[in-house]
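First up is the structure itself, then whatever we jot down about it.
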Amino acid sequence: MKYNPSLIEKKWQRKWSELEIFKAEIDHTKTKYYVLEMFPYPSGAIHMGHVRNYTLGDLIARYKKAKGFNVLHPMGWDAFGLPAENAAIENKTHPSKWTDSNIESMKIQLKQMGLSYDWDRELKTCDPDYYKFEQKMFLDFYKAGIAYKKETLVNWDPIENTVLANEQVVDGRGWRSGAEVEKKKMKGWFLKISDFADDLLNEIDNLVEWPEKVKTMQRNWIGKSFGATIQFSIKNSSEKIEVFTTRPDTIFGATFIAISPQHPFAKKIAKKDTEVSNFIKFCDKNSIKEADIEKAEKYGYQTNFSVSHPFKKNLSLKIFIANFILMEYGTGAIFGCPAHDQRDYDFAVKYSIDIIPVIKTKEKLPYTGDGIHINSEFLNHLNIEDAKRLCIEKLNNLKIGKEKVTYRIRDWGVSRQRYWGCPIPIIFCNECGEVPVPREQLPITLPEDINFNNKGNPLEYHPTWKHVKCPVCKKNATRETDTFDTFFESSWYFARFTDLNSSNAFTDEAIKYWLPVDQYIGGVEHAVMHLLYSRFFMRALKYLDCINIEEPFTSLQTQGMVCHRTFKNNKDQWVFPTEIEKKGNKFIHIDTKETIFAGRTEKMSKSKKNVVDPQQIIENYGADTARFFILSDSPPDRDMEWSESGVEGSWRFLNKLWKFVNNLPNHKTCNELPAKLTERNRALLTIMNTTISDVTKSIDDFHFNIAVASIRSLFNSLSAFKIENDNDTKVIIYVIKNLLILINPMTPHLAEELWNYLGNKNTISRENWPKVDLKYITKKNIKIPVQVNGKVRAVIEVPMNLSEKEIELIARKEQNVLKFLNPNPKKVIVIPNRIVNFVI
RNA sequence: GCGAGCGUGGCGGAAUGGUAGACGCACUGGACUUAAAAUCCAGAGUCCGAUAAGGACGUGGGGGUUCAAGUCCCCCCGCUCGUACCA
């Protein structure tokens, strides 16, 4: 029989579902293992990034199950968000309908991949049964002071009269209107993640199974820095400007003050000075993106005001308003020390400001390293650390400054001026102010009749939805029309998966048993925000006594992107790989026959047309081939290149395996190893046991491509083995059964089918992972290289654990070594079982 | 701009500081076939050498530590991710 994936894959998917093999239930006799992949946004069709992510997770889930764990492996939909509203505007479909039909088609695709999800736990975040809990959480946060309202800057499109997401700002202009975007102040809801900053930072050290790079990024994002605030008195005024600095030691190098355009003092003087207000307006152009602000040319406006130096009263420093000073960081004001800070230096050169070095150095300015202070009165001769300490002490004594710890992280703004999100349960009343929606009125659901033709937030324009009576005074009032940031939903979905039917957000028993997630897998693009918000959320909920965990994810793996070659025609237009055929070394267009040029390999994107549709791959080769190729190509955390020939290679291998098993003689009768083994049998069992050991280790290390390579090697040895008698057959079948269990997490349908073919009544999904039999893999001899001056000149085979002296003697006898050993080596390095190196 | 990561044959990639290139793809030769495809067997980093023995070079570039560096340290280049309202 030929290998026909479409037939066997459907068959086994149905069996798994009938047998409820992947249904997860609390079982206190077993150790639990919770595997989770980042749930997808239901965009309409799965892409290779999804295929990769979910294949990785499925391998772990099936592997851990075979290892005896009680595995929870759920899947759901991150269903709120901007694309649904864009689709509503463009195609006139309701976001809810659009989302649901997308979920439906993506679910079919995921099922075709044969992923071991417990589909009974499927959730979608746009379901009121999901988001109603968020409204309760928000009210708890509000009551506890974790949620609060404040003013913030947003991107404002003056033509569309709407707030734009950063993504919707392209080169400083609105993506639809093309209007120059302005910064606008607006009130919004915030969560006090800053209150948890220290704990979030400190506990990073305990996330031992997280990638170091993610931890570093989170540490830097939180950005705890020790410094000082210093008050500068404004000349001819009773007012003061407070600055924050991480380098109080450079105070004697201060030659100017710079404040944010949003700083209260800047606004105050703008009222009387049109030049200042014009400059502030100028700064308000451009988006709120940090990268845009930082990359924009740095401008300063020199005001007519100056401050006096705190320690040198006769020295005065001009106050500048500068577009690169962020109001959100520190105090929104700095002192500039051009000699020891690159940005201050550039600014000083541009505006001809004095540069006073205060640290002795021979290097050119600006110099940011350590050294002895000069030109600094009482700080002279001190290094940075001591000077910092002494300066802060003096500031304290004079009551003009103090030590200050600052964080880069800002509170989490959760308000979005959009329809397709979870409504925020607050009512605004002219008499009573902000009033929380009474609990018994929850959930506040979205109105279904909604019009996207108006500018701005559709909820604002709904004729009735926002008009309510104040719960306190019963007078006319209005609802909050902002909805939540979709990171709100993804900050706790992993907890909801533990018990989808609970009438509360969670049940204690399920939380206690299943959480935390043992293995979380997703794209590195979520390294900071989603993962940090989730960590914060658990802490906030714990603070409210809702949950008893802090860290949601014990182990984290981040996967790289799926890339593909790009192709262009001679008109510089992108061409789909499916439109191309290879002729020799050249590519030509299948229809037009024009020459096509291959470009760089880049991340798959629709705009560059270098996409491969998983659906096509599954239809042509089956899910197992797609899965096997994805696992074999690259280690998960690196970018991988999707290549047609690589897929072909995987397809060929699975076919070889299929044929090999189907050609085995007397396969249904033998189940055990024969009593007597030949040398050849033992050699094969040695390879098998080595493979079991290697595959196990590679999977534990998340090096799935090496696990695949080991399995292929084992198979190569199997096919090279000549069957001479019945005993040989028994050995072969014994080995192939083990191989099937090893490959099952990768290609589960094929493994099941062949397992069944070999006469096994049980499903392979319930088989135990094979154990290594040490008696086959203890080595007697070992080959070690012999080097002369670090270059390999020979390889010798010696008994394991031979003494250094004996190894050296054997090494010296090698012809190709001997000729270098005159005169005698200066030094001989022998590392038993490793290497010999003669240094001459 | 800032933060983080990555860079190894023609290609994807292997390698506790200890034989660089496992495994695969592409390629070349052979077997089978009327022929092709498929399949099977063999070869192979580059250069010198004879297709051998043997040798030189070789992990983005430059420098350093070490008996020994793809791996550790410093500088540079290139690419990728994130940068707080995309998810």
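Residue numbers begin at 1 in each chain, while the letters A, B, ... track the order of the sequences. Atoms considered below: every heavy atom in the structure, side chains included; atoms not considered: hydrogens, waters and symmetry mates.
If you take atom C1' in B/A22 and the same atom in B/C75, they sit 34 Å apart, rounded to whole Å. For the P atoms, the distance from B/G17 to B/C73 is 12 Å, rounded to whole Å. Taking atom C1' in both B/G45 and B/C25, one finds a spacing of 16 Å when rounded to whole Å. Look at the P atom in both B/C41 and B/G24: the space between them is 11 Å, to the nearest Å. With both ends at atom C1', the span from B/A44 to B/U34 equals 32 Å, rounded to whole Å. Nucleotides B/C81 and B/A26, compared at atom C1', are 30 Å apart to the nearest Å. Between B/C74 and B/G3, the distance separating the two P atoms is 15 Å to the nearest Å. Across the C1' atoms, B/G21 and B/C11 are found 13 Å apart, a figure rounded to whole Å.
Using a 4.0 Å heavy-atom cutoff across all strands shown, A/Ala291 reaches at least one base atom of the nucleic acid. Here A/His526 lies in heavy-atom contact (under 4.0 Å) with a base. Heavy atoms of A/Ser632 sit nowhere under 4.0 angstrom from any nucleic acid atom. As judged by a 4.0 angstrom heavy-atom cut-off over every strand, A/Met640 is placed among residues making no nucleic acid contact. In this structure, A/Val839 reaches the sugar-phosphate backbone alone: every heavy-atom distance under 4.0 Å involves primed, P, OP1 or OP2 atoms, never a base. Here A/Lys289 lies in heavy-atom contact (under 4.0 Å) with sugar-phosphate atoms only. Among the atoms of the strands shown, none is found under 4.0 Å from any heavy atom of A/Phe324.
Residues A/Glu294 and A/Lys289 fail the side-chain proximity criterion, which asks for heavy atoms closer than 4.5 Å. Side-chain contact between A/Met75 and A/Tyr54: present, with at least one pair of heavy atoms (C-beta onward) separated by less than 4.5 Å.
Nucleotide B/A56 is matched to B/U46 when pairs are restricted to Watson-Crick or G-U wobble geometry with both distances under 3.5 angstrom. When both distances must be under 3.5 Å, the Watson-Crick or G-U wobble mate of B/G3 is B/C81. Pair assignment for B/G17 gives none, since no Watson-Crick or G-U wobble pairing has each distance under 3.5 Å. Under the Watson-Crick or G-U wobble criterion, with both distances below 3.5 Å, B/U33 is left unpaired in every strand shown. Base pairing of B/U66: no nucleotide in any strand meets the Watson-Crick or G-U wobble criterion (both distances under 3.5 Å). Base pairing annotation: B/C25 forms a Watson-Crick or G-U wobble pair with B/G10, both donor-acceptor distances under 3.5 Å.
For A/Met561, the listed nucleotide lying nearest its side chain is B/C81; candidates were B/U8, B/A84, B/C81. Counting only heavy atoms from C-beta on, A/Arg418 has its side chain closest to B/C86 among B/U39, B/A22, B/C86. Closest to the side chain of A/Asn220, out of B/C81, B/A84, B/A4, is B/A4. Of the candidates B/G1, B/G54, B/A4, the closest approach to any side-chain atom of A/Lys295 belongs to B/G1. When distances run from any side-chain atom of A/Asn716 to the nucleotides B/C85, B/C23, B/U8, the shortest one goes to B/C23. Comparing B/G54, B/A22, B/A20 by their nearest atom to the side chain of A/Ala709 picks out B/A22.
The side-chain contact (heavy atoms from CB on, under 4.5 Å) test applied to A/Pro211 returns A/Lys213, A/Val214, A/Leu556, A/Thr558, not counting sequence neighbours.
Heavy atoms of other residues, nucleotides or ligands lying less than 6.0 angstrom from CD of A/Gln815 number 12 at most.
Using a 4.0 Å cut-off, no side-chain N or O of A/Asn655 falls inside it from OP1 or OP2 of B/U39. Dashed line: the shortest gap from a side-chain N or O of A/Lys827 to OP1 or OP2 of B/C67 is under 4.0 Å. Regarding contacts with the backbone of B/C85, a side-chain N or O of A/Arg416 is found under 4.0 angstrom from either OP1 or OP2. In terms of phosphate contacts, A/Lys791 brings a side-chain nitrogen or oxygen within less than 4.0 Å of OP1 or OP2 of B/A56. Side-chain nitrogen and oxygen atoms of A/Arg712 include none within less than 4.0 Å of the OP1 or OP2 phosphate oxygen of B/A22. For A/Arg652 and B/G24, the shortest distance from a side-chain N or O to OP1 or OP2 is not below 4.0 Å. Between A/Arg793 and B/A53 there is no side-chain N or O to OP1 or OP2 distance below 4.0 Å. At the phosphate of B/A14, OP1 or OP2 sits under 4.0 Å from a side-chain N or O atom of A/Asn705. Look at A/Thr486 and you'll find a side-chain N or O under 4.0 angstrom from OP1 or OP2 of B/A87.
For the atom pair CZ (A/Phe704) and OG (A/Ser634), the distance works out to 13.0 Å, reported to the nearest 0.5 Å. Expressed to the nearest 0.5 Å, how far CD of A/Glu37 lies from OH of A/Tyr520 amounts to 9.5 Å.
Atom OH in A/Tyr345 sits about 18 Å away from atom C1' in B/G1, given to the nearest Å. Between A/Lys213 atom NZ and B/C81 atom C1' there is a gap of 9 Å when expressed in whole angstrom units.
For A/Lys659 and A/Tyr3, the positive end is not near the middle of the six-membered ring at less than 6.0 Å and at most 45° from its axis.
Take the nearest nucleotide of RNA chain B for A/Phe838 and for A/Asn816: the residue whose nucleotide is more 5' is A/Asn816. Comparing A/Leu82 and A/Asn837, the nucleotide of RNA chain B nearest to each residue sits closer to the 5' end for A/Asn837.
One finds no salt bridge joining A/Lys192 and A/Asp411 here, because no Lys/Arg side-chain nitrogen approaches an Asp/Glu carboxylate oxygen to under 4.0 Å.
In this model, no side-chain donor or acceptor of A/Glu648 finds a partner on the base of B/C25 within 3.5 Å.
Between the A/Asn837 side chain and the A/Ile829 main chain, no donor and acceptor come within less than 3.5 Å of each other.
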